[in-house]
Amino acid sequence: MAELKFNNVVKQFGKTEVVHGINLDIKDKEFIVLVGPSGCGKSTLLRMIAGLEEISSGTILIDNKIVNDIAPKDRGLAMVFQNYALYPHMNVFNNMSFGLTLMKTPKEEIKQRVEEVGHILGLEDLLLRKPHELSGGQRQRVAMGRAMVRKPSIFLFDEPLSNLDAKLRIQMRAEIKLLHQRVNSTMIYVTHDQVEAMTLADRIVVLKDGHIEQVGTPLDLFSKPVNTFVAGFIGTPPMNLVECKINKEQDATFIQFEGGLRLPVPDKKGIDLSSDQKMIFGLRAEEIVPVDTRTQLPKEWMFKGNVMVFEPLGNETQLHMDIMGVRMMSRSEGRRIIRANEEINLGMNLNEMHLFDAKTTRVVY
Ligand code: ADP
Ligand code: MG
């Protein structure tokens, strides 16, 4: 069992407050990812959980017990850092068992735990090697093994894959997810990479400037971002976000862009937009696709646009479009050959549009 609770957790460094009253409940065995741009307070939060950083005010509870004043080693957790610094002169076995030896764990038990973890991580044949005889990915696995042999109830990861190349990162990502399925511990994982967050998390916590912007499952955040920050942060390419104005005519509501483009707003229950309201229109690139014979969208949702940049990715095609002076990105499955400066017809799935208040940036539609 390992639940974790933040109650109004604040962190100040001197007079500067960098974490502003965080409230968060993490369930037992949950995989939580804290994601946000550099400097938003991710590491600070993790270090406060670990006990490596004092909590300025508020409380952190593990299994309903306040841990503010409990020593790091007595909190039942293990941390894996970006710079995982293995002892260069020790072999893999000794690197993994070092912590247990310090805790005076019996030799037989150490051997058993290291072998068990070595098996889970596929390190059986490497136990006698020194770190310099290992690849980057293998070293990262040893660092995880070192945390695992201690059988923590909570794993803390601070950008553990940032130093690896792109290919290895994807591999290790899957390994960490497998690890979670096997050991069933609570995991709290910090990254600035939204793709890592989306692929790993049961729930994602999006942070900005020491505040929580939104908490939700990856697909929640993707389809129902609460503000423009989350909308632009989650998803690749980022959601198209364009300033606009609301225009009402008789019974119909339109979005008017500078440059002339005008889009009808589909009716949604309980939402009343007023004329001249300044908004930010949001639509994901995959909801804007070149029209072909398979397109099933109403005529009013089709528009002519000029191709500015054509990006053939093989499995999909990305286009930077100019639609009557509005720049938007289109993304469609499959291969197409489209030339820059070509004029094409685009279909927009306006059922998937979002509208954010231009001032508060919060979602209103
Ligand atoms: P992240 O991990 O999201 O990149 P950090 O948690 O490391 O961000 O830092 C959050 C903020 O706190 C940053 O503005 C950083 O400069 C500041 N900070 C972190 N550690 C210290 C420290 N020891 N002293 C003063 N400021 C710090
Ligand atoms: Mg950090």
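Computed over heavy atoms, backbone and side chain alike; hydrogens, waters and symmetry mates excluded. Atoms within each ligand, like the ligands themselves, are counted from 1 in listed order. Note that this is a predicted model, so its numbers are computed, not measured.
Nearest non-hydrogen protein atom to atom 4 (O) of ligand 1 is Gly39 N, 2.7 Å. For atom 12 (O) of ligand 1, the closest heavy atom belonging to the protein is Val18 CG1, 3.3 Å. Here the heavy atom of the protein found nearest to atom 19 (C) of ligand 1 is Phe13 CE1, 3.5 Å. Scanning the protein for heavy atoms near atom 7 (O) of ligand 1, the closest one is Ser43 CB, 3.8 Å.
For the pair Val18/Phe13, a side-chain contact is recorded, criterion being any heavy-atom separation below 4.5 Å from C-beta on. Leu45 places none of its side-chain heavy atoms less than 4.5 Å from the side chain of Ile188.
Between Gly41 and ligand 1 there is a heavy-atom distance shorter than 4.0 Å.
A perpendicular orientation is assigned to the rings of Phe257 and Phe281, their planes being inclined by more than 60° (bins at 30° and 60°).
Each of Val35, Ile22, Val215, Val190 was scored for a side chain to side chain contact (heavy atoms under 4.5 Å, CB included) with Leu207, with one residue passing: Ile22. With Phe6 as the partner, the side chain to side chain contact (heavy atoms under 4.5 Å, CB included) test is satisfied by one option alone out of Thr59, Ile60, Asn23: Ile60.
At a 4.0 Å heavy-atom cut-off, ligand 1 touches Thr44 through backbone and side chain alike.
The distance from the Mg ion (ligand 2) to the nearest N/O/S atom of Thr44 is not under 2.8 Å.
Atoms CG and OG1, from Leu355 and Thr253 in turn, are 10.0 Å apart once rounded to the nearest 0.5 Å.
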